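Down below is the structure, laid out as structure tokens.
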Amino acid sequence: MASTGMYMGVLAQQFQWNIVWQFLFKPAIVQGVIITVVLAVLAQITGTVIGLLIYLLRRTILRPVADFYIWIFRGTPLLVQLLFLTNIFPYLGLTRALNSSTIFNDLGFQYIPLSAFLGAFLAFSFNEGAYMAEIMRAGIDAIDPGQMEAAKSLGMSYGLSMRRVILPQAARVIIPPLGNEFNSMLKTTSLASAFGVLELYNAGAGIGQSLFQPLELAVDLSIWYLLMTTLWGFVQSYLERRFNASTTDGMTNTTFLDRILGRGNKSPSPTKETTAEAAISGGRR
Amino acid sequence: MEQQQLSNATRMVDARDVHKFFNQTEVLRGVSLSVARGEVVVIIGPSGSGKTTFLRCLNHLEKIQRGTITIDGENIGYRQVNGKLVEDQEASIAKVRAQIGMVFQRFNLFPHMTALQNIIEAPIHVLGLSQAEAEASARALLAKVGLDHKADAYPNKLSGGQQQRVAIARALAMNPKLMLFDEATSALDPELVGEVLKVMKQLAEEGMTMVVVTHEMGFAREVADRVVVMDQGQIIEQAPPAQLFNDPQQERTRTFLGMVARAN
Ligand SMILES: Nc1ncnc2c1ncn2[C@@H]1O[C@H](COP(=O)(O)OP(=O)(O)OP(=O)(O)O)[C@@H](O)[C@H]1O
Ligand SMILES: [Mg+2]
């Protein structure tokens, strides 16, 4: 690319970096980024809450309901779930009410049918809930049952014990996989493009197509997705460190580099932690 | 302390004909025990005899299948409805539990909280005390168990003996009517046992009602008002310590005491 006159064949198209830079901060793209982040954050939060509820439900007489939920959402493609939930509103007679909403325009965005956004949000949330249930289970079940008994014997209710005693300890186990889930979520939201949600992928791919410069826009998209996942990597490392510090018998700290390169914290084995931690801190200094 | 003669007003624990099954196995086979206000009852007996299980029934950490348990006149865990036992709502179980302190063999301190935070947690969130009130009484309790200098230490920075003393302070912070101890010193290194027993003894001297499961026969001799021997899910003998240790009536008690004596 440095030698601009390089012959690339008659039909070969020249890759143009100036297009990359020109479109990187175009309002349409930035809006796409915002929609992507909002969608991913909302769906991850909702999915995490659903995961906790499913975990709790599995411990009651309604366990079959929870198992059925997990069976459905793990057993069908996310794309089909999106198809289902973005198209369910006409059957509920809600489409007109939803899509006459100008909420996105009011916020200064391009028009997105609310039914599409809402449907995508629900699909991502429900799907995530099915996976978060397992992550919640692993985190909560890792806590010594003596903790719940001690809390109960102090007169704390189940809910209070969960909130004050169990979940803060389980967070240490839950946060690494939860962080990985959110990393996936940021990227997976691109599927919503197929259903009329103008998120980052949709915005970028659309421009690329209309300009006949798909590769340049693909680079723009890559830059933005990498920026989001990398920033999240920072946040995740910070959270993991914080929760390791506040709970005492800790697990290994995952460095930021480990995090973005996918060398995750897979071993909660207490025997390995000291050596791993020593290696990490030794390597950094 | 003849338990049959206890009036309702002086009775703190009243367990009657308690039966407890784990699956098909009956681990408590009709246990009846009354504990008077201010009394210290020590439960001894061979491993697997049901001591822990019985103690856990007293604050409804275990469900029972037959019998009744009242604490200070209140049913724990169950109501009688038309002659049937019906399990209580969680909230009312919690309310009775708040009045019963329990100390576990393995301490069960909350590892993500400092000693002080461990102690003020329930007073603030269950009793509704203000942070300042709770802290003031927590610091007094830490001083009482000799750990005022460890208020801000996390449990993993404390020795076993210190952790157990914090656990006792945590239970006392709820102002319990009754304290249950399940082998509070069994997980400790021998040199740390004394400091915990000392706190328990002091508590007994202050008039706390206590039910203590222990293998520490010295403690039983010295502190107990009554020693209860359990074997195979039943109470086989009970008497004041002097009488029980010097003149056990049951063959199985003699065998058990003989075993303990040889072990020490
Ligand atoms: N959760 C459980 N599930 C099944 N069986 C149990 C359970 N807990 C206790 N048991 C059984 O109940 C019986 C009584 O146990 P318990 O722990 O009450 O005895 P213990 O007198 O406290 O013994 P130790 O001195 O060893 O602590 C034992 O046979 C034990 O195996
Ligand atoms: Mg026991």
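Every chain is numbered from 1, with letters handed out A, B, ... down the list of sequences. Please read these numbers as outputs of a predicted model, since none were measured by experiment.
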If I take atom CG from residue A:Leu154 and atom CE from residue B:Met102, how far apart are they, to the nearest 0.5 angstrom? 11.5 Å
Sort B:Arg170 into side chain, backbone, both or neither according to what part of it lies under 4.5 angstrom from a heavy atom of chain A. both
Does any heavy atom of chain A fall under 4.5 Å from the side chain of B:Ala171, the backbone, both, or neither of them? backbone
From A:Ser153 atom OG to B:Met174 atom CE, the distance as rounded to the nearest 0.5 Å: 9.0 Å
Interatomic distance, CD@A:Gln169 vs CE@B:Met113, rounded to 0.5 Å, equals 8.0 Å
Would you give the length of the straight line joining atom CD of A:Glu149 to atom CZ of B:Arg97, rounded to the nearest 0.5 angstrom? 9.0 Å
Contact origin within B:Phe110 toward chain A - heavy atom pairs under 4.5 Å: both
Checking B:Ile100 against chain A: side chain, backbone, both or neither under 4.5 Å from a heavy atom? backbone
CD/A:Gln147 to CG/B:Leu109 distance, rounded to the nearest 0.5 angstrom? 8.0 Å
Name the region of B:Leu180, side chain, backbone, both or neither, that has any atom closer than 4.5 Å to a heavy atom of chain A. neither
Looking at every non-hydrogen atom in both residues, tell me the closest pair between A:Gly159 and B:Glu90 and how far apart they are. N-OE2, 4.5 Å
With a 4.5 angstrom heavy-atom cut-off, could you sort out which part of B:Glu121 is near chain A: side chain, backbone, both or neither? side chain
